[in-house]
Amino acid sequence: MAGYDFTAIERKWQDYWAEHRTFEVPNPGQAGFADKPKFYVLDMFPYPSGAGLHVGHPEGYTATDILARYMRMQGRNVLHPMGYDAFGLPAEQYAVEHGVHPRVTTERNIANIERQIKMFGFSYDWSRRVATTEPGYYQWTQWIFLQLFHSWYDPEADAARPIGELEHKLQRGQLMVDLGGNLVPPPATQRIEAIAGQPVGIYSWHQLTPEQRRGVLDNQRLAYQAEVPVNWCPALGTVLANEEVTNEGRSERGNHPVYRRPLRQWMLRITAYAERLEQDLAQVDWPEPVKMMQRNWIGRSTGAEVDFPLQSVADDEWFKGRSDDGFAPQPEDEVIRVYTTRPDTLFGATYMVLAPEHPLVERITTDGQRPAVEAYVQAAVHKSELERTAESKTKTGVFTGAYAVNPVTRQPIPVWVADYVMMGYGTGAIMAVPAHDSRDLEFARAFNLPVVQVVAPPAGEQWEGFIGDGTAVNSGPYDGLATPQFKQRITDDLERQGLGRGAVNYKLRDWLFSRQRYWGEPFPIIHCDTCGTVAVPEDQLPLVLPEMEDFTPSTSDDPDALPSPPLAKATDWVRTTCPACGEPARRELNTMPQWAGSCWYYLRYLDPHNRQRFVDPAVERYWMDGMGVDLYVGGAEHAVLHLLYARFWHKVLFDLGHVHTPEPFGKLFNQGMIRSFAYRDSRGVYVGYDQIDFREDGAYHRLTGEKLIESVEKMSKSLKNVVNPDEVIAQYGADTFRLYEMFMGPLEASKPWNTRDVPGVHRFLHRVWRMLMGSEDAAALLGESADDAVERALHRTIRKVGADVEAMRFNTAISAMMEFVNAVYKAGALSRDQAERFVQVLAPFAPHLAEELWRHLGHDASLAHEPWPRYDEAMTREATIELPVQINGKIRTRLSVAPDASQEEILAAALAEPRVAEQTAGKTIVKKIVIPGRLVNIVVK
RNA sequence: GCCGGAGUGGCGGAACGGCAGACGCGCGGGUUUCAAAAACCCGUCUGGGUAACCAGGUGAGGGUUCGAUUCCCUCCUCCGGCACCA
């Protein structure tokens, strides 16, 4: 008998699957398509880094592979694809340092990582492989960008609509434009103009010049350009996303200084989708922590906007005018509009604060205060937001010299400038209620501003700094109201008086979408002196990234240097003609961020070779039926950004009719991080595993003999605790690797890799092999007789493994299979028929071994599409079961009964037990509890 | 600071409110062997007892319940996320 030669077996079956295209699945309309229910199971595709796979990648991939193989056996059409997220800064950095083109390194890395992935025997449909860097792929990334560019968010429809519809509305006068270029409803009456006595700054479409019209439309697109404060890293020559900047205000890559600079950049209007991104989380089956993180990121809060008039204008007349006119839709020069979540504390607002960037600062600052204010604003603007928060321990600020009037107390209150107020949130101005806001209190204490109590806390709590709900005091007619009621009442009253209204705010900001890099998708945009910003026509896509010898960004130590994207050097490529007017024009020089390609790859897998469309509608309808991807597995590090960006794009595509589900990923699962033991000596120097003697009582340094300190850490080179999957597979095989990672613990838990545990599951596979194939020392247990206990154990195993796989409890599924094999060894035999069913159950976990055994059992074809074995509920029970009998909750004896015994029978049997009689003698039985199939509890007194 | 998640043998971890520690590692003993590896069998929470058995035990303290690792409250520790968001 041959031994279990996993190396040969695994190679053989991987070749077989590739040759027979076992896992390729046709689309509707293609040859061989069977009309069956679908299952779309997706992995987060990897970034092909030079380091290759670490043991964390295959953890999620194994889990999805088990599901994919199980679902195939359940008769589903399974879509299980893999690809590469291959644009990005690391490849470009490496290329610059080594003088190799990023395409070369990317292709090399993909080849290596694919070799590694294939070693595990995952059942991917490799014919659907994509890489975000292929022109045939990024053609459609560019196409989706153009959909964003050609759309605006129509608040009436609560959806994205073609920009042409907006133009139409403007032409017909259904919308107008104010001085700031914002859309406004047409004035209800002529009265407003009459009161003002001069133009009120609202224009109709026909009053605008062609350039102005273009500006208005450009300003409403979902992809638009705007001057925004960005993280500018001159040493890297690019702007960076917040997540690419460290807490110290330096670049994650290279540790270079990063500066906050207002620069004109491409933005995506994700904020228009804030409400729907928040609301629709209720429709998806995602881990609650991930939903929480997204809700947090979106940061929805409810409150009110309130106008505080400047003292110079706020006479009785002004207040009267407001109650006649109502709350104007846009802020005016004479009021400071604030957003607050606590309108009930309005009576306690004793001063106001403007963000340093607030446009009113310059207007209202008095001459006496101007030098101080200007110095403060200059300093604040030059700090990064990180610096501003890092120095948050002490509050700073300057008085503007101006006063505003509290709209309810009608008292003048001072207006300050301070950097603890952010221009990017709310209105960039706050009413400060030091009594009931800890930041305001800190500020008030620092600058000796008055603190007025307006909320009475529950008994026993200090009012100063109390921020919870309580009862109103010092609030005139509202005294005695509970906080929630007060909020509602005063919001209604302010609205009636034209001084405020209920409002919803979000922390979410628009998405900075451009990078000054070479290795990314070029924007399909052309700049024309006469026509402005013009889209590249769709039939000219893909706009291919130009081949360049020198793709290094221009870097600098000078914080004031301006970004100069590498594409600027491709002068022939940049020079083009305007698609609209045919005059000479220039291409956009920025490229898209790495997130772009990963925002929609799950859709391209559906139809990866389609040259006419990004995905065929019928194909999309089939595979995305229900709520899109049926199972999406990946690490929690993408809980916010990737998953939020992808949901956003999907919703835009949904609004425009290109996909038919409102959400892309119906079910999401986060695998836990695999960490590993790290060892360091008394000086804190980390020691690699090859330098360690593992003894019974701990780890010792092989050379010095010193006992080492053990800890569980993230795998990292510097901690010398990285486990390389290639080595584990070489030693134990892919089936063992898969089984080990699934057996370590719950998939969602973070858990330490322990190489010493790997032989345990390897031993199990050996036992399975010997059970059916025998060994030199022992014959196989395979026979013709079917043992009843084994048969019952098998039914239980089939049920348990099926249920566990569906619930993604792979660790206990494997335990159940181990128990079955132990039972077979105990019984000493199993029939061919039992062996076949067991091999089918094992197949999703250890597919190579299962295929080999399946063949040995006399089958010619792969078992990948065999049906999952059935079980009989009656056969999952033992012939007799043991029930514990408790007296007062303590087990005193056990009872053997038939599994279907009635409550009365069980109770009678229990009371007949000598141990029970002994324990209850001389006592009264007050209660008898019988849970059939569980236990008996007799309560005595 | 705020929001999540988790604390169970020497280790990884099991337990619809119902036999705590399944399964695996490690360890101890045995069978086999010239020997070793491998394999197979037995044991392995703690204390007491030859044993049957008794007592204690799931981070700490309280509560609900016939019964709590599981549900509720307070606290401690660790991990993850956000962080002047008005």
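Every chain is numbered from 1, with letters handed out A, B, ... down the list of sequences.
With rounding to whole Å, A:Arg763 atom CZ is found 10 Å from B:G26 atom C1'. When rounded to the nearest whole Å, the span between CE of A:Met742 and C1' of B:C23 equals 16 Å. Remark: P of B:G18 and CD1 of A:Ile931 are 10 Å apart, rounded to the nearest angstrom. Going from atom CZ of A:Arg770 over to atom P of B:A38 covers 12 Å, rounded to whole Å. Following rounding to the nearest Å, A:Phe466 (CZ) and B:G1 (C1') show an atom-to-atom distance of 17 Å. For the pair A:His762 NE2 and B:A38 P, the interatomic distance rounds to 12 Å; values are reported in whole Å.
Taking atom P on both B:A20 and B:C72, the two are 22 Å apart, rounded to the nearest angstrom. To the nearest whole angstrom, the two P atoms, one in B:U70 and one in B:G59, are 8 Å apart. Atom name P, nucleotides B:A15 and B:U8: the rounded distance is 15 Å, in whole Å. The P atoms of B:C71 and B:G5 are separated by 12 Å, rounded to the nearest whole Å. The same atom, C1', is picked in B:A14 and in B:A86; the two are 48 Å apart, to the nearest Å.
In this structure, B:G7 and B:C76 make a Watson-Crick or G-U wobble pair, each of the two defining distances being under 3.5 angstrom.
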* What string of B, S and - do you get for nucleotides 6-12 of chain B 5' to 3' if you count protein non-hydrogen atoms under 4.0 Å? -> ------B
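B:G9 has its base syn relative to the sugar, with a glycosidic angle deviating from 0 by at most 90°.
Listed by residue number, the members of residues 887-896 of chain A with any heavy atom below 4.0 angstrom from RNA chain B are A:Lys890, A:Ile891, A:Arg892, A:Arg894.
The number of heavy atoms from other shown groups lying within 6.0 Å of NZ (A:Lys928) does not exceed 12.
Taking the six-membered ring where tryptophan is involved, the planes of A:Trp416 and A:Phe447 are tilted, since the angle between them lies from 30° to 60°.
OP1 or OP2 of B:G24 has not a single side-chain nitrogen or oxygen of A:Arg756 nearer than 4.0 Å.
A cation-pi arrangement, defined by a distance under 6.0 Å to the six-membered ring centre and an angle within 45 degrees of its axis, is present between A:Arg647 and A:Trp286.
Side-chain to base pairing of A:Lys928 with B:C66: no donor and acceptor N or O lie closer than 3.5 Å to each other.
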